[in-house]
Visitor: 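Mind having a look at this structure? Questions to follow.
Lettering of chains follows the sequences in order, A, B, ..., and the numbering in each one begins at 1.
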Amino acid sequence: MLDIKLLRNNPERITEALKLRKMDTASISKFADIDSSWRKLTSEIDELRSKRNEASKQIGILKKNKAEAEAQAKAVGSKKLGDKIKELEEKRRGGEEELNKILLELPNIPHNSVPPGVDSGDNLEIRRVGKPPCFDFTPKPHFEIGEKLGMLDFERAAKVSGSRFVILKGLGAKLERALISFMLDLHSKENSYTEVFPPVLVNQKSMIGTGQLPKFEDDLYKCSDNMWLVPTAEVSVTNIHRDELLKADQLPIKYCAHSPCFRREAGSYGKDVRGLIRQHQFNKVELVKFVDPEKSYDELESLTLDAEKILQKLGLHYRVVELCSGDLGFASAKTYDIEVWFPSQGKFREISSCSNFEDFQARRAGIKFRRDAKSKPEFVHTLNGSGLAVGRTLAAILENYQKADGTFEIPDILKPLF
RNA sequence: GGAGGGAUGGCUGAGUGGUUGAAAGCGGUCGCCUCGAAAGCGACUAUGUCGGAAACGGCAUCGGGGGUUCGAAUCCUCCUCCCUCCGCCA
């Protein structure tokens, strides 16, 4: 959520930001209209309430002094004030709801450093690490390798659940588990994240807190009792500190978590229909930070490096891309995508997305901290990034470590886990 | 699922219709004391919002919504969460 004051005092800045994201700016002027009448009504209501409070106070005193008749007379006038207040409040309520809706559906403002652009074509490559493997044969796609080796069973998964599901078997299941372990160990031991194992079924407030709702309901699985399956552990983990006032010396708070993630992938028909790339359910290890606003951009750099470390240790070729304004996620102010090399496709595919949300999520979720004893609470900055998407990592290993005979090598770093 | 109990400021915890934004304690900040510190003493110490350069003032907020009343932390009602007991269950 954006700062409502910014919206009032500097709507040009937000209009500008929306344009960068190629979004409709109509809601800005709509907001201004409703807001000004909301504020006018509010000051009228406040004034009337002030009068009524004064009258009530006096009635109290009169009653104490046994001046019943006077008290009665005053109560009549006060009742009228009350009716008027109720009427104005009713009038205000509709606008209030609309303002809130607009506010909750406005995306974050891109950071100054974010390159302007319309889509992924305008993203900026920051660095390339490692080298693509050389094959003296045509590299196969990961799903062919996995199916042939009995590690991946898409057909039966379709029977059990539907399309975009997979059953990992034998070595496949074991490799998945090893990867989760490896990632969590590295982040908790070397990168000093606290490991957490969060719920994957969350309430609506949590989904609003991180920005999935109300705008992206179509992407989510909704269960009964107004509970939702998380599309990423970011939701569960960021909301750990919802409506909390943290102490400055607690920051930065760093969590890593593995969770299954659930996405409906509505509107992605025909995209990556085969293989592990785009599943309705997949495992992911997530990194989440709560930090001092002044340090959040340094923290974004280090978080990205923490995620990269996994790929380096696995010996996978990758690049880091800075998302342009048009490709930026709803809640993000700045995002680096890490893309891993897929030999069968001859291109890089996203395996991690590391973002600084600044105070956008903190404001929605009410996550504050007090700088020192004398200062007022301020919103923290939240960040998160995949470290990494496990299914895609497994796919990348199959492809990059494949051999001519259709088998593949387990990366050295994982061997102790087998 | 059934029966009870509870939710108050950074924390603990009083408060059952009237000048209560809220006692007390803890914690914190500042001052006095001291060579310095501890202890002691004193003052200050919620958030949001509107107006204001500020001082300050209005309004709202005692888990959340709705209601009763001139007036609600306090009464009624619905909801959420927590605790205890019973049932069921991995």
Visitor: Taking only the side-chain nitrogens and oxygens of A:R8, find out if one of them lies under 4.0 Å from OP1 or OP2 of B:rC50.
Guide: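 Yes, within the criterion.
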Visitor: In whole angstrom, give the distance that lies between atom CZ of A:R39 and atom C1' of B:rC59.
Guide: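 Atom-to-atom, A:R39 to B:rC59, this comes out as 14 Å.
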Visitor: Looking only at non-hydrogen atoms, find the nearest pair between A:D359 and A:H381 and report the distance.
Guide: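 The answer is N-CD2, 3.5 Å.
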Visitor: If we ignore angles and hydrogens, is there a donor and acceptor under 3.5 Å between the side chains of A:Y255 and A:E286?
Guide: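 No, no side-chain donor-acceptor contact under 3.5 Å.
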Visitor: Please measure how far the P atom in B:rA55 lies from the corresponding atom in B:rU49, and state the result in whole Å.
Guide: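 My reading of the P atoms in B:rA55 and B:rU49 gives 16 Å.
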Visitor: If you measure from CG on A:L246 to CZ on A:F379, what distance do you get to the nearest 0.5 Å?
Guide: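 Result: 12.0 Å between the selected atoms.
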Visitor: Choose from B:rC70, B:rU68, B:rU19 the nucleotide whose nearest atom is closest to any side-chain atom of A:S56.
Guide: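 So the side chain of A:S56 is nearest to B:rC70.
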Visitor: Give a yes/no answer on whether the side chain of A:K376 brings an N or O atom under 4.0 Å of OP1 or OP2 in B:rG48.
Guide: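 Affirmative; the distance criterion is met.
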Visitor: Tell me if the aromatic rings of A:F216 and A:F330 count as close, with their centers under 6.0 Å from one another.
Guide: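 So the answer is yes for these two rings.
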Visitor: Between A:I45 and A:P377, which residue's closest nucleotide on RNA chain B lies nearer the 5′ terminus?
Guide: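 Looking at the nearest nucleotide for each, A:P377 comes out on the 5' side.
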Visitor: Under a 3.5 Å distance rule, please check whether A:S78 uses its side chain to pair with a backbone N or O of A:A55 as donor and acceptor.
Guide: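 The answer is no, because no donor-acceptor pair under 3.5 Å joins these two groups.
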Visitor: Can you check whether A:N53 has a side-chain N or O nearer than 4.0 Å to OP1 or OP2 of B:rA60?
Guide: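 So the side-chain polar atoms of A:N53 do come within 4.0 Å of the phosphate oxygens OP1 or OP2 of B:rA60, strictly under.
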Visitor: If the P atom of B:rA23 is compared with that of B:rC50, how far apart are they to the nearest Å?
Guide: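 Going atom to atom, P in each nucleotide, I get 27 Å.
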Visitor: Is the distance from OP1 or OP2 of B:rC59 to the nearest side-chain N or O of A:R52 less than 4.0 Å?
Guide: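 Result: no.
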Visitor: Could you tell me the separation between the CH2 atom of A:W38 and the P atom of B:rC59, rounded to a whole number of Å?
Guide: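 Going from A:W38 (CH2) to B:rC59 (P), I get 16 Å.
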Visitor: What does A:L81 touch in the nucleic acid at a heavy-atom separation under 4.0 angstrom: a base, only the sugar-phosphate, or nothing?
Guide: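 No contact at all - A:L81 keeps every heavy atom at 4.0 Å or more from the nucleic acid.
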Visitor: Rounding to an integer number of angstrom, what distance separates B:rU8 and B:rU74 when you compare their C1' atoms?
Guide: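 After rounding to an integer number of Å, I get 11 Å for this pair.
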Visitor: Look at all strands and tell whether A:K51 reaches a base, only sugar-phosphate, or nothing, counting heavy atoms closer than 4.0 Å.
Guide: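 Nothing, no heavy atom under 4.0 Å.
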Visitor: What residue among A:R371, A:K368, A:R363 forms salt bridge (Lys or Arg N to Asp or Glu O under 4.0 Å) with A:E378?
Guide: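 Among A:R371, A:K368, A:R363, the one that satisfies the salt bridge (Lys or Arg N to Asp or Glu O under 4.0 Å) with A:E378 is A:R371.
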Visitor: Counting only side-chain heavy atoms from C-beta out, which of B:rG66, B:rU47, B:rU49 sits nearest to A:K368?
Guide: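 Side chain of A:K368 sits closest to B:rU47.
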Visitor: With a 3.5 Å cut-off and no angle check, do the side chains of A:E68 and A:Q72 form a donor-acceptor pair?
Guide: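 No pair is found: no donor N or O on one side chain lies under 3.5 Å from an acceptor on the other.
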Visitor: Looking across every strand, which nucleic acid part, if any, lies under 4.0 Å from A:K79 by heavy atom: base, sugar-phosphate, or nothing?
Guide: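 Sugar-phosphate, backbone atoms only, no base.
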Visitor: P atom, B:rU77 versus B:rG5: distance in rounded Å?
Guide: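 Result for the P pair: 13 Å, nearest Å.
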Visitor: Please give the distance between the C1' atoms of B:rC75 and B:rG71 as a whole number of Å.
Guide: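 Their C1' atoms lie roughly 13 Å apart.
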Visitor: Once you apply a heavy-atom cut-off of 4.0 Å, does A:L245 come out as touching a base, just sugar-phosphate, or nothing?
Guide: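 The residue A:L245 makes sugar-phosphate contact but no base contact.
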Visitor: Using OP1 and OP2 only, check whether a side-chain N or O of A:K63 sits under 4.0 Å from B:rU69.
Guide: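 For A:K63, the contact criterion (side-chain N or O under 4.0 Å from OP1 or OP2 of B:rU69) is not met.
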Visitor: On the nucleotide B:rC59, are OP1 or OP2 found under 4.0 Å from the side-chain N or O atoms that A:S50 carries?
Guide: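 Yes, A:S50 has a side-chain N/O under 4.0 Å of OP1/OP2 on B:rC59.
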Visitor: Kindly say if A:R49 contacts the phosphate of B:rG58, meaning a side-chain N or O under 4.0 Å from OP1 or OP2.
Guide: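 So the side chain of A:R49 is outside the cut-off, no N or O lying under 4.0 Å from OP1 or OP2 of B:rG58.
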Visitor: Answer yes or no: does a side-chain N or O of A:R370 lie under 4.0 Å from OP1 or OP2 of B:rG27?
Guide: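 Answer is no, no contact under 4.0 Å.
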Visitor: RNA chain B in dot-bracket, Watson-Crick or G-U pairs under 3.5 Å, [ ] crossing, | other strand?
Guide: ((((((((.[[[..)..(.....]]]((((((.......))))))((((((....)))))).[[[[[..)....]]]]])))))))....
Visitor: Measuring only the C1' atom in each nucleotide, how far is B:rC89 from B:rU80? A whole number of Å is fine.
Guide: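 Rounded to whole Å, the distance is 24 Å.
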Visitor: How long is the span from the OG1 atom in A:T382 to the CD1 atom in A:I253, to the nearest 0.5 Å?
Guide: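 So the gap between those two atoms works out to 11.5 Å.
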Visitor: Please state the P separation for the pair B:rG17 and B:rC26 - nearest whole angstrom.
Guide: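 One P to the other, the span is 30 Å.
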Visitor: Just wondering, more than 12 heavy atoms not from A:K403 lying within 6.0 Å of its NZ?
Guide: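 Yes, enclosed.
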Visitor: Taking B:rA46 as the reference, what is the distance to B:rA7 when you measure between their P atoms (whole Å, please)?
Guide: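 Nearest-Å result for B:rA7 against B:rA46 at atom P: 23 Å.
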Visitor: Taking any heavy-atom pair under 4.0 Å as a contact, classify A:S78: base, sugar-phosphate, or nothing.
Guide: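 Sugar-phosphate only.
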Visitor: Between P on B:rG71 and NZ on A:K64, what's the gap in Å once rounded to a whole number?
Guide: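 Taking atom P of B:rG71 as the reference, NZ of A:K64 is at 19 Å.
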